[in-house]
Structures are given as structure tokens and as C-alpha cells.
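Notes follow the structure.
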2 protein chains.
Amino acid sequence: MNANPPRTRIQKKNRSTILDAALEVFSRHGFRGATLDQIAGEAGLSKPNLLYYFPSKEAIFITLLSGLMETWLDPLRELDPSGEPIEELLAYVRRKLQLSRDFPRESRLFANEIVQGAPRMEHLLATDLKSLVDEKAGVIRGWIAEGQIADVDPHHLIFSVWALTQHYADFDVQVRAVLGPGHDPLAEAETFLDTLFRRLLAP
Amino acid sequence: MNANPPRTRIQKKNRSTILDAALEVFSRHGFRGATLDQIAGEAGLSKPNLLYYFPSKEAIFITLLSGLMETWLDPLRELDPSGEPIEELLAYVRRKLQLSRDFPRESRLFANEIVQGAPRMEHLLATDLKSLVDEKAGVIRGWIAEGQIADVDPHHLIFSVWALTQHYADFDVQVRAVLGPGHDPLAEAETFLDTLFRRLLAP
DNA sequence: ATTGTTTTTGACCAAACGGTCAAGATCACG
DNA sequence: CGTGATCTTGACCGTTTGGTCAAAAACAAT
């Protein structure tokens, strides 16, 4: 059996080239909408060559998803129970918004998968994601009990952060179409969301 | 040339059967993920029969999209400039949330299309949608100038309504996975969003 | 019943798809 | 340089896909 981490440097380079190309293509067209030929073209490799590094199209997709889940959860993981509640939550919003700015393809990849019922991800959602959210919801509930922030449902508070921040990555075309030219949606969103959450959370 | 509205009652019935089946399949798998055989199966018709009523797969999809755009914009259209500002906006949120409850397939269909760059819809976004949003943003700006609601960016306020309400339809699997069993996400969302927007908008 | 129109379908097609394979090119290393 | 391992690819395969078509079935009108 081969150890999972690639051995040679050429393997390392090609695997990451493929994953980057796959991210580009999958995030634009979804799993079924993407083709191996597109990914191969984007990566500058031949199709059989892709399948030398990954056993199947689905394997590429799953590798991508699980590698990204970590990045995606990190901002919430960093929420510090011993920090100042309101500033902690606002910092979380900013980190999440930063992901929408820096990794829109990753965001759209997740969105695509979840909108279609997360057939290849439901497990991760019900385990990793749920346990992290439940833990942090507990922290927030503590802050509420201490009267440090307003009384709102912690789970739905977290959902609202996801919805509001990811909207700017996932629905980027719509946002830009409505705003017209001459806007920096993400910059405006940062101000707006800061206001929104300050007003919502003020005790 | 055929007039657009179907002539016979059997045409009327079959076209709507097909569109409903197509909505079911497209919303679950996206445009490319859906197949004519799936739609035909769902509709209880043969594949060539579909293509007797619609010239192509894409024609079915586009018919669906444009028919739905109206439904989708209605809640915003009903925003009454002469009403009580805060209650008007909260009613808009409730109408939008009601769409997520009653028409989750339609919501996911839009989400799917927009996440993938709206290749078949960008035109509608930049015309119909933009002009309606701009108009209503003007109304909101008026309310702000009169000091009836807090000073927030009208466009991003509208985006936040979309993001927060559609999240519960589009990311339903994720919401349910995180909440676990024994929850009514939409009911909880109604309470949460009422609180959120009241606090955001209070002058 | 006859006739003309609308509706339905089985058989079929070319293209695109994910994936295989054997043979060739390139590389690492003594 | 030689040689074994790694890497690359053109040709190919079976299946699925969107779409066609001619002929049959169902319907409508007299």
C-alpha cells in the first residue's frame, strides 16, 4: 500500500496542481457539471495522467472537500471563550468574511454541494461540524447567561454569520449585478455586518 | 408560428406536469446534473414526449427560471412606501421566509444557478432585479432620511434579507444536520430574524 | 365511419463522458 | 552509462447523454 502523503516532489506538485484545477472547475460547474477533460485542460495535464494521481473523478472531489473542511471551520474554532464576547463574535464575522474574499471558489464549492443535498458530505456535517457548533453555541450561551451579550439563539446566530458572509462569495454575480459597477461589495459588507452584529448583540 | 400560451387542455396539463417534474429534478441536481430521462420519469412521460412540448433541455430550464423570477420578486414588490417602515420591512422578511418554507425547490434552483455564475440568468439580474432593488432601496433611503429607521445601507439591507431567509431553504441539510432532530428551523428562524431586524432597524 | 390533426413512442444516432491499458518517455541513482 | 522505477500519453472502450424520426396511437370534427 502507498502511504497517503505523496512521496516524490513531482507527485506533490502534480497532485496540488490537479486539486487547484479541480477546485476551479468544480466550483464553477458543480460535480456533475465538471468533466475530467476540463480539469485536465485547466491543470495542463492529460486525462489519463489525472487518473494516475487520483483513482477517479469522485476521489478528486472528496479529497478537495475534506481538505477544505478544516479551513472552513477554523474561524469558528478560533472563537475564544475567555475573550471579550462582542469583540470575539465580531472578529469571527470578519474572519469569515475574509474567507469569502480570499477563497470564493472554496465557498462556492461547498455551497454547490450543500444546495444539492450534500450527498458526499452529510457525514462530515453531522459529526465534525455539528460538534464544533454545539461546543461554541455553549460558549455563546454562557455569555448570554452572564448578560454580556443580548439573548439570541446561539445556533441561529451562527447560521446568520454563515448566511451573511458566504452570501458575498456564493452570490457574487447577483450582488454585483444589483450594485452595478464601482462597488467593492466585500468592503461595504464589512461595515454593514459590523453594524448589524453590534446592534444585534448589544446587551 | 405557435402562440406561446398552450392551446389545448392536454397541452396545458402536460407542460405544467413537465415543468413541475423538471423543477424537482433540476433543483436537486442542477442543470447539468439533471437528465431528460430523470425528468421524463418524474413526469411519467417518455423522453421524446418531453421534446414534443419543449424544444430542448435548456428550453425547459429557461422556461422554469423566467416563470419563477416573478414569484421570487413579488415579496419585495409588495413593500409599501406609504406603510409603517419597520413593520413593512419585517413583513417583507416574513414573506421571504414564507417562500423558503413553501418553495424550497424554487429557492435551490436559483441558488444553484447563481452559485454557478448565472450563465442563463445574468441578463434578468442586471435588468428586472436591479431596477426593482434600486427602486426599493430609494424607498428605504427615504425612510432613513426621515429618521424612521436606523441608518444602514439599503442595498446591503436587502442582501441581508435574501441571505438570511434563503439560507434556510438552500442550506437546509446543513441547518438540520447541525441542529439535530426535534427542531423546526423555519419557525425558529422567524423569531430570530424578527429580533435581528428589529434591533438593526430601530431608529 | 372517415378523415385530418394532435399526441405518443420505440428505435436509433452522434457526441461526450469516466475510465482502462499497453507502450513509450523521463527520471533517479549506482 | 545503464537500469529499474516513476511518470506520461494516444488509442480505445462501454455507457450515458441530448436529441431525431418515422410510424403508430389517440383524439376531434363532420
Side-chain angles (χ1 to χ4, degrees), chain A residues 1-65 112-113 116 119-120, chain B residues 1-65 112-113 116 119-120:
Chain A
M1 294 293 161
N2 245 337
N4 251 5
R7 308 221 154 272
T8 77
R9 48 199 87 133
I10 182 163
Q11 270 184 17
K12 208 159 200 157
K13 195 196 68 171
N14 278 351
R15 276 185 66 105
S16 90
T17 301
I18 291 170
L19 287 177
D20 189 72
L23 173 60
E24 184 70 29
V25 178
F26 279 135
S27 72
R28 272 211 308 264
H29 304 289
F31 179 75
R32 280 218 47 182
T35 73
L36 287 177
D37 288 291
Q38 278 178 291
I39 299 174
E42 183 84 23
L45 300 173
S46 67
K47 182 169 65 172
N49 207 1
L50 293 198
L51 295 163
Y52 172 77
Y53 289 102
F54 293 90
S56 69
K57 180 187 179 183
E58 183 149 354
I60 301 179
F61 192 73
I62 290 180
T63 303
L64 214 50
L65 275 186
N112 244 310
E113 184 65 5
Q116 297 185 11
R120 285 161 271 265
Chain B
M1 290 297 158
N2 246 337
N4 250 3
R7 308 219 153 274
T8 77
R9 49 200 86 133
I10 182 165
Q11 270 184 18
K12 208 159 201 158
K13 196 197 68 174
N14 278 351
R15 275 185 68 105
S16 90
T17 301
I18 291 170
L19 287 177
D20 188 72
L23 173 60
E24 184 69 30
V25 176
F26 280 135
S27 72
R28 272 210 308 265
H29 305 288
F31 179 75
R32 280 219 47 183
T35 72
L36 286 177
D37 288 292
Q38 279 178 290
I39 299 174
E42 184 84 22
L45 299 173
S46 68
K47 182 170 63 170
N49 207 1
L50 293 198
L51 296 163
Y52 171 75
Y53 289 102
F54 292 90
S56 69
K57 180 186 179 184
E58 184 149 355
I60 301 179
F61 192 73
I62 290 179
T63 304
L64 252 171
L65 276 186
N112 243 310
E113 184 65 4
Q116 298 185 10
R120 285 161 272 264

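Naming: A, B, ... by sequence-line order, numbering from 1 per chain.
- Summarising the geometry, the separation between NZ on A:Lys12 and P on D:dT6 is reported as 17 Å, rounded to the nearest angstrom.
- Rounding to the nearest 0.5 Å gives a distance of 12.0 Å between CZ of A:Arg28 and CG of A:Asn112.
- Residue contacts for A:Leu51: at a heavy-atom cut-off of 4.0 Å it reaches a base atom on one of the strands shown.
- Regarding B:Phe31, its CZ atom lies at a distance of 8 Å from the P atom of D:dG18, rounded to whole Å.
- Two residues, B:Gly44 and A:Lys47, neighbour DNA chain C, and the one matched to the more 5' nucleotide by heavy-atom proximity is B:Gly44.
- Protein atom CD of B:Gln38 is 11 Å distant from nucleotide atom C1' of D:dT17, rounded to whole Å.
- Cation-pi geometry between B:Lys57 and B:Phe31 is met: the NZ or CZ atom falls under 6.0 Å from the ring centre, inside 45° of the normal.
- Distance CZ (A:Arg15) to C1' (D:dT8): 17 Å, rounded to an integer number of Å.
- Across all strands shown, A:Ala34 has heavy atoms under 4.0 Å from sugar-phosphate atoms exclusively, and none from any base.
- Between A:Asn49 and the phosphate of D:dG10, there is no side-chain N or O to OP1/OP2 separation shorter than 4.0 Å.
- Residue contacts shown for A:Phe54 are absent, as no nucleic acid heavy atom lies under 4.0 Å away.
- First and last contacting nucleotides of DNA chain C toward chain A (any atom under 4.0 angstrom from a heavy atom, 5' to 3' order): C:dC17 to C:dC21.
- Separation of atoms NE2 (B:His29) and CD (A:Gln116) is listed at 8.0 Å; rounding is to 0.5 Å.
- No engagement by B:Ala40 is indicated, since no non-hydrogen atom pair under 4.0 Å with the nucleic acid exists.
- When each of B:Ile10 and B:Ser56 is assigned the nucleotide of DNA chain D with its nearest heavy atom, B:Ser56 is the one assigned upstream, toward the 5' end.
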Name the atoms and distances for all side-chain donor-acceptor pairs under 3.5 Å in residues 44-54 of chain B, with sequence neighbours left out.
unit_1, atom_1, unit_2, atom_2, d
B:Ser46, OG, B:Asn49, N, 3.4
B:Tyr53, OH, B:Asn14, ND2, 3.0

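- In terms of heavy-atom proximity, B:Gln38 sits nearest to B:Gly33 at OE1-O, 3.5 Å.
- Listed nucleotides D:dT9, D:dG18, D:dT20 differ in distance to B:Pro48; the shortest reach to its side chain belongs to D:dT20.
- For the OP1/OP2 pair of D:dT17 and a distance below 4.0 Å, the side-chain nitrogens and oxygens of A:Arg32 include at least one atom meeting the criterion.
- Taking all atoms of both residues into account, the shortest heavy-atom contact from A:Ile39 to A:Ala21 is O-CB, 3.7 Å.
- Atom CG of B:Asn14 and atom C1' of D:dC27 are 14 Å apart (whole Å).
- Across all their heavy atoms, A:Leu64 and A:Leu19 have their closest contact at CD1-O, 3.5 Å.
- Between A:Pro55 and B:Tyr53, the one whose closest nucleotide on DNA chain C sits nearer the 5' end is B:Tyr53.
- Atom CG of B:Leu65 and atom CG of B:Leu23 lie 10.0 Å apart (nearest 0.5 Å).
- Close to D:dT8, at under 4.0 Å from its OP1 or OP2, lies no side-chain N or O of A:Tyr52.
- For the pair B:Leu36 CG and D:dG18 C1', the interatomic distance rounds to 6 Å; values are reported in whole Å.
- One atom, CG of A:Leu50, and another, P of D:dC7, lie 15 Å apart when rounded to the nearest Å.
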